[in-house]
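Report on the structure given below.
Letters A, B, ... are given to chains in the order of the sequence lines, protein chains preceding strands, and every chain is numbered from 1. Hydrogens, waters and symmetry mates are skipped; everything else that's a heavy atom, side chains included, is used.
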There are 2 protein chains.
Amino acid sequence: MSTAQTDLAVLAALSVEPMTGYRLREAILRDLGAFWSESFGQIYPAITRLREQGFVATEHGERTGSSVHRLTEAGRTRLVELLREPATSPPPRNGLLLRLFFGDALGPEACRALVADARGRAEALLTELAAVRRDADAERAPELPYRLITISAGEHAARAWIAWADETDAVLAALTPATSPVR
Amino acid sequence: MSTAQTDLAVLAALSVEPMTGYRLREAILRDLGAFWSESFGQIYPAITRLREQGFVATEHGERTGSSVHRLTEAGRTRLVELLREPATSPPPRNGLLLRLFFGDALGPEACRALVADARGRAEALLTELAAVRRDADAERAPELPYRLITISAGEHAARAWIAWADETDAVLAALTPATSPVR
DNA sequence: ACAAACATGTAACCAGTTACATGATTCA
DNA sequence: TGAATCATGTAACTGGTTACATGTTTGT
């Protein structure tokens with residue numbers, strides 16, 4: 001059946017603590033947002049499906065009409081099963097690099113703007129990760145090292161983009177007619 | 001209408017030289033494969049659509065039944081138009097980091113295997129990019145610097161993954177019960 | 001003669017987003 | 001009392017892959 005991706009994320013998030021579908025999405029956005037995403041349109045059907053399969057159990061929440069979902073024992077087993085499955089990554093689609101590859105048709109100045117933009121986003125990610133790291137360090141839990149591993153991955157990636165952006169900007173600057181060193 | 005992503009890739013690839021749909025896919029795989037992908041199921045309908053819109057023109061190829069597609073003037077304009085549009089990146093879905101985030105439920109040894117696998121893929125990419133770089137350096141063309149920019153992006157990313165993998169392996173090694181420094 | 005590569009296209013399916021519809025609760 | 005937030009869910013759509021069906025040409 002293999003809607004495995006979403007199932008995994010939902011089960012994994014619920015393994016931390018029981019919550020409503022709404023909170024689930026918030027948790028995914030907050031904790032996994034740097035490398036994962038789920039929308040309501042995925043989450044609610046997934047919960048229903050997982051309940052039918054006996055992997056989550058649902059109780060009434062504090063608010064009228066709200067439901068709090070928690071992992072069952074079978075659900076915990078299923079979670080480990082899904083975690084063990086090989087990670088399938090979606091086919092690459094990097095719009096920035098596609099544009100730069102055909103940058104000659106776009107012009108060096110427009111390319112520099114694209115690169116500067118990417119640099120900015122990497123810089124922002126780095127700042128955000130610094131905050132996440134600070135928060136994470138506060139808690140004492142056996143999961144901490146795993147949290148730090150994913151944070152570190154984000155940091156390595158961001159620093160790599162920044163270094164590439166700087167190098168690339170220099171290349172493009174040398175290419176712009178106005179700055180060309182003809183004199 | 002915004003099937004813009006595929007349209008852009010097809011128009012861009014055809015801007016280099018006219019070719020058949022089959023060759024188009026090969027070219028995309030070979031030249032853009034590190035950061036882009038298109039399947040036949042996308043390419044053929046896209047070509048039909050772009051021809052109806054007057055952006056590509058089609059002539060008979062050498063083989064019976066084969067069609068060679070080329071960019072029209074309107075197509076070239078359209079290409080630049082699409083290149084100028086902001087690059088929309090798909091929502092992140094990194095199965096590796098998702099698994100590592102919940103690595104405590106998976107165990108340090110399984111995590112190390114995942115990391116080692118990722119390191120291997122980064123290493124392989126690096127080797128492949130070295131070959132691509134060698135090939136690219138041979139040709140003398142105004143597009144060369146742009147080719148090199150995308151290659152460099154891949155190299156930076158791959159090196160970042162390798163550094164992260166090594167760092168992470170050390171962390172996980174210290175976590176494995178067998179190696180734990182209790183003595 | 002046969003296999004591999006070249007070539008085109010469609011249909012079925014899948015994953016996922018977005019927009020919509022609806023309503024309760026909290027807080028200023 | 002009204003806005004923001006919490007909460008659930010569906011329907012329509014989009015973008016994309018995979019598998020299939022079909023046939024030609026090239027090379028061995």
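- Ser37(B) comes within 4.0 angstrom of sugar-phosphate atoms only, judged by non-hydrogen atoms across all strands, and of no base.
- Not counting sequence neighbours, the partners of Asp169(A) by the salt bridge (charged side-chain N to carboxylate O under 4.0 Å, His left out) test are Arg112(A).
- Taking atom CZ on Arg93(A) and atom C1' on dG16(C), their separation rounds to 14 Å, with Å as the unit.
- Annotation: the terminal axes of the helix from dA1(C)-dT28(D) to dA28(C)-dT1(D) meet at 30°, where each axis is the rotation carrying the C1' atoms of four end pairs onto the next four (5 pairs per end, rounded to 10°).
- For residues 84-102 of chain A, the salt bridge (charged side-chain N to carboxylate O under 4.0 Å, His left out) pairs, not counting sequence neighbours, are Arg93(A)-Glu38(B).
- Here Arg25(A) lies out of heavy-atom contact (under 4.0 Å) with every strand.
- Pairing each heavy atom of Ser15(A) with each of Leu79(A), the nearest pair is CB-CD2, 3.7 Å.
- Comparing Glu62(A) and Gln42(A) by the nucleotide of DNA chain C whose heavy atom lies nearest to each, the residue mapping closer to the 5' end is Gln42(A).
- Ion pairing between a basic and an acidic side chain is recognised when a charged N comes within 4.0 Å of a carboxylate O; Asp31(B) and Arg147(B) show no such pairing.
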Check the interface with nucleotides 7-10 of chain C: list each N/O to N/O pair with the protein under 3.5 Å, or write none.
| from | atom 1 | to | atom 2 | distance (Å) |
| --- | --- | --- | --- | --- |
| dA7(C) | OP2 | Arg23(B) | NE | 2.7 |
| dA7(C) | OP2 | Arg23(B) | NH2 | 3.2 |
| dT8(C) | OP1 | Ser67(B) | N | 2.9 |
| dT8(C) | OP1 | Ser67(B) | O | 3.2 |
| dT8(C) | OP2 | Gly21(B) | N | 3.0 |
| dT8(C) | OP2 | Tyr22(B) | N | 3.0 |
| dT8(C) | OP2 | Tyr44(B) | OH | 2.9 |
| dT8(C) | O5' | Tyr44(B) | OH | 3.4 |

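- At a threshold of 4.0 Å, the pair Arg121(B)-Asp117(B) counts as salt-bridged, since one of the basic side-chain nitrogens sits closer than that to a carboxylate oxygen.
- Residue Ile151(A) holds its CD1 atom at 15.0 Å from OH of Tyr146(A), rounded to the nearest 0.5 Å.
- Within the 4.0 angstrom heavy-atom criterion, no nucleotide atom of any strand lies near Pro90(A).
- Among residue pairs with one or both ends in residues 66-76 of chain B, those qualifying as salt bridge (charged side-chain N to carboxylate O under 4.0 Å, His left out) are Glu59(B)-Arg70(B); sequence neighbours excluded.
- Atom CD1 of Ile28(A) is separated from atom P of dG16(C) by 12 Å (rounded to the nearest Å).
- Here Glu52(B) does not pair with Arg49(B) in a salt bridge; the nearest charged N to carboxylate O distance is not below 4.0 Å.
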Just list the side-chain donor-acceptor pairs under 3.5 Å for residues 21-30 of chain A, sequence neighbours left out, or say none.
| from | atom 1 | to | atom 2 | distance (Å) |
| --- | --- | --- | --- | --- |
| Arg23(A) | NH1 | Glu26(A) | OE1 | 2.9 |

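- Rounding to whole angstrom units, CD1 of residue Ile43(A) and P of dA15(C) are separated by 16 Å.
- Atom CZ of Arg49(A) is separated from atom P of dG16(C) by 10 Å (rounded to the nearest Å).
- Taking atom CG on Asp7(B) and atom P on dG16(D), their separation rounds to 10 Å, with Å as the unit.
- Note on Thr64(B): a side-chain N or O is less than 4.0 Å away from OP1 or OP2 of dT25(D).
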